[in-house]
Amino acid sequence: MGMGPLGIGTRYQRQQMIDITVEKAFNMFMEYTHYNVDARLVKQYFSLSGDTIEWLEDLGVEFEGAFRYFPRSEATWHIVKTDQGIGPRAASFMVKALYEKAQELGVTILLQTTAKKIIMENGKVAGVSAVDKDGNEIIIKCNAAIICNGGGGSNKKLIKDETGLDHGENLFSFAIPGLEGDGLRMAWEAGADKLPVRIEMAASLEGMDELPPGVSMVFNQPNLLVNKFGKRIMNEDQMQNATFLSNAAAHQKDKVVFSIVDSSIVKYYIRNGVDHVSLVRNNPDVTDFNDGIKTAKENENKYIFSADSIAELAGKAGIDPAGLEETVDQYNDFCDTRDEEFFKDQRYMRPIAKAPYYCARIRPGGYGTVGGIRINENCEVLNRDFDKIEGLYAAGADACNIYDDSYMFLLPGNSMGFAVNTGRLAAMSAVEYAEGGEK
Ligand SMILES: Cc1cc2nc3c(=O)[nH]c(=O)nc-3n(C[C@H](O)[C@H](O)[C@H](O)COP(=O)(O)OP(=O)(O)OC[C@H]3O[C@@H](n4cnc5c(N)ncnc54)[C@H](O)[C@@H]3O)c2cc1C
């Protein structure tokens, strides 16, 4: 469903005069994670990532170039070229190219077939047991296996057990069908050391599904964000980093925050376009906002509110009215002077002063789970003693233990980048092992 992987030191970056090096990215990353991750794995991944972009091109994948996710991020996101321009699901064209190449090479692909167990003999991989769509067991004999089952983003119980979060109640993440955590379970059963499974957090606006895009676009702009007490929670200028916003939301009472605008701000956006766009949502035009609010009212949308006074808006949304009135008063003063509370850029300080007022709920969200299987920098799976489990490799979200507690959006394309690069590394190690070499 994504748009493209990270690459560092690629020809696109050179052509676009973008100055990002493995050294800079590595140092940024290690400081961001407080060195609470495997530096050898991070270095190996970043070092290979430029070459991987060219490798993908050799396999028939085309790229639009190297992009930022938001202005403060680095241009590491290599968006895959499609037949419809830049947009969500672009990376499906990469998957298609890889699939076609695999078929050309004679790879056997078993669709609708679920891997169930890694068969171990004398502490080494001896095969994989799977079940096809009719329930027939298939045994694949092999001495090397790579686990890359994408984590457990749709497994509510796994998410609750591992993170304490309740999907659908206080976590609103993508739940990609089929991502049940099978790879994690199979690896742990085979003796892999268990590392924390985390959610790759990115905030989510509630109740937007049936509404035109202008509604979510307006509520994603850096205006006023408050919690249930009506108090501000952050410098809203930082909310473009969806991981930061998700983390901030997760720290509030009932894990909810509210984005508030007034009708002057809406009118300004309708006239001029919004302040911030992204490549995922790249249309600054929000002329459909008022129609969207109408639809929300007709559909009795429980997450979007409008009112003629701040107190009424607070009452409808479940925010403390006195707290919100006090915050709005103070915020409007800051608009005339400077944001003494969180130092937001004055460009985005617009008063909340003209009725009707609008409010939407933002909750912690995420792309899926990351991490759980301990690997080394060659993607060999390790047991609790840090010994290699012979013949077992892991890649992608199942083995993505490199973010510590927060997704690193400042280097966008990081999770698909980790997946394709560790996929390559795991394959290189597995081939060497299968052919009788060291790894
Ligand atoms: C909406 C969205 C947008 C995203 N955008 C980006 C982006 O632009 N850039 C970026 O870097 N990342 C992005 N991501 C994250 C990125 O897509 C993932 O990190 C990446 O796909 C992980 O790759 P993977 O190979 O580990 O797992 P997946 O791509 O999830 O593949 C795992 C596969 O294993 C299959 N599987 C599961 N269990 C079994 C089993 N028991 N037997 C057989 N097969 C099984 C699954 O069906 C699936 O096909 C996005 C994610 C989402 C949801």
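Reckoned from all heavy atoms, side chains included, excluding hydrogens, waters and symmetry mates. Indexing begins at 1, ligand by ligand and atom by atom, following the structure's order.
Against a heavy-atom cut-off of under 4.0 Å, M1 is close to the following atoms of ligand 1: 1 (C), 2 (C), 3 (C). Of all atoms in ligand 1, numbered sequentially from 1 with element shown, those under 4.0 Å from a heavy atom of C148 are 32 (C), 34 (O). Atoms of ligand 1 lying under 4.0 Å from at least one heavy atom of L179, given by number and element, are 30 (O), 46 (C). Close approach of ligand 1 to T114 is summarised as follows: ligand atoms under 4.0 Å from at least one heavy atom of the residue are 40 (C), 41 (N), 42 (N). The distance from ligand 1 to the heavy atoms of T113 drops below 4.0 Å at these ligand atoms: 42 (N), 43 (C). Ligand-side atoms of ligand 1 in range of G178: 37 (C), 38 (N), range being under 4.0 angstrom from any heavy atom. Near D182, meaning under 4.0 Å from one of its heavy atoms, ligand 1 places the atoms 38 (N), 40 (C), 41 (N). Interface of G396 with ligand 1, defined as ligand atoms under 4.0 Å from a residue heavy atom, comprises 26 (O).
Nearest approach of L184 to L158, heavy atoms of both residues: CD1-CD2, 4.2 Å.
At a threshold of 4.0 Å, the pair K156-E169 does not count as salt-bridged, since none of the basic side-chain nitrogens sits closer than that to a carboxylate oxygen.
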- When you look at F305 and F258, which way does the ring-ring contact (aromatic ring centres under 6.0 Å, His included) test go after all the steps? CA-CA 10 Å; F305 314 93; F258 304 85; 7.2 Å; no
- Query: F386 and N376: side chain to side chain contact (heavy atoms under 4.5 Å, CB included), yes or no, with the steps?
  - Reply: CA-CA 9 Å; F386 285 56; N376 64 13; over 6 Å; no
- Message: Walk me through whether F289 and F219 qualify under ring-ring contact (aromatic ring centres under 6.0 Å, His included).
- Response: CA-CA 10 Å; F289 179 84; F219 287 119; 5.8 Å; yes
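Atom 21 (O) of ligand 1 has its closest protein heavy atom at M416 CG, 5.0 Å. Looking only at heavy atoms of the protein, atom 26 (O) of ligand 1 is closest to A397 N, 2.8 Å. The nearest protein atom to atom 50 (C) of ligand 1, hydrogens excluded, is given as Y367 CD2, 3.9 Å; this is a heavy-atom distance. Distance from atom 8 (O) of ligand 1 to its nearest protein heavy atom, with residue and atom name: M3 N, 2.8 Å. Looking from atom 14 (N) of ligand 1 to the surrounding protein, the closest heavy atom is S415 OG, 3.9 Å. Here the protein heavy atom with the shortest distance to atom 42 (N) of ligand 1 is A115 N, 2.8 Å. For atom 9 (N) of ligand 1, the nearest non-hydrogen atom of the protein is G4 O, 2.9 Å. Atom 5 (N) of ligand 1 has as its closest protein heavy atom G2 CA, 3.0 Å.
For ligand 1, the polar-atom distance check against A419 finds no nitrogen or oxygen pair separated by under 3.5 Å. Between G413 and ligand 1, at least one N/O pair is under 3.5 Å apart.
Between F29 and Y403, the ring planes are tilted. Angles from 30° to 60° get that label.
For the ring pair (Phe, Tyr, Trp, His ring centres under 6.0 Å) with F409, the lone residue among Y32, Y69, W77 that qualifies is Y69. M234 pairs in a side chain to side chain contact (heavy atoms under 4.5 Å, CB included) with only one of the listed residues (V257, L245, N247), which is L245. Among E100, K101, K96, M94, the one residue that satisfies the side chain to side chain contact (heavy atoms under 4.5 Å, CB included) test with L98 is M94.
By heavy-atom distance, the residue among N149, L111, I176 lying nearest atom 36 (N) of ligand 1 is N149.
Residue N414 touches ligand 1 through its backbone alone, judged by heavy-atom distances below 4.0 Å. Neither the backbone nor the side chain of F418 has a heavy atom within less than 4.0 Å of ligand 1.
Under 3.5 Å, the side chains of N299 and E210 contain a donor-acceptor pair of N or O atoms.
Under the 4.0 angstrom criterion for non-hydrogen atoms, P5 is not in contact with ligand 1.
Within a 6.0 Å sphere centred on CG of N122, other residues, nucleotides and ligands contribute 12 heavy atoms or fewer. Within 6.0 Å of NZ on K316 lie more than 12 heavy atoms contributed by other residues, nucleotides or ligands.
Checking atom 29 (O) of ligand 1 against the protein gives no heavy-atom contact under 4.0 Å. Under the 4.0 Å distance rule, the nearest protein heavy atom to atom 34 (O) of ligand 1 falls inside the cut-off.
The CZ atom of R185 sits 11.0 Å away from atom CD1 of I373, with the distance rounded to the nearest 0.5 Å.
Judged by distance alone, the side chain of D288 and the main-chain N or O of G214 form a donor-acceptor pair under 3.5 Å.
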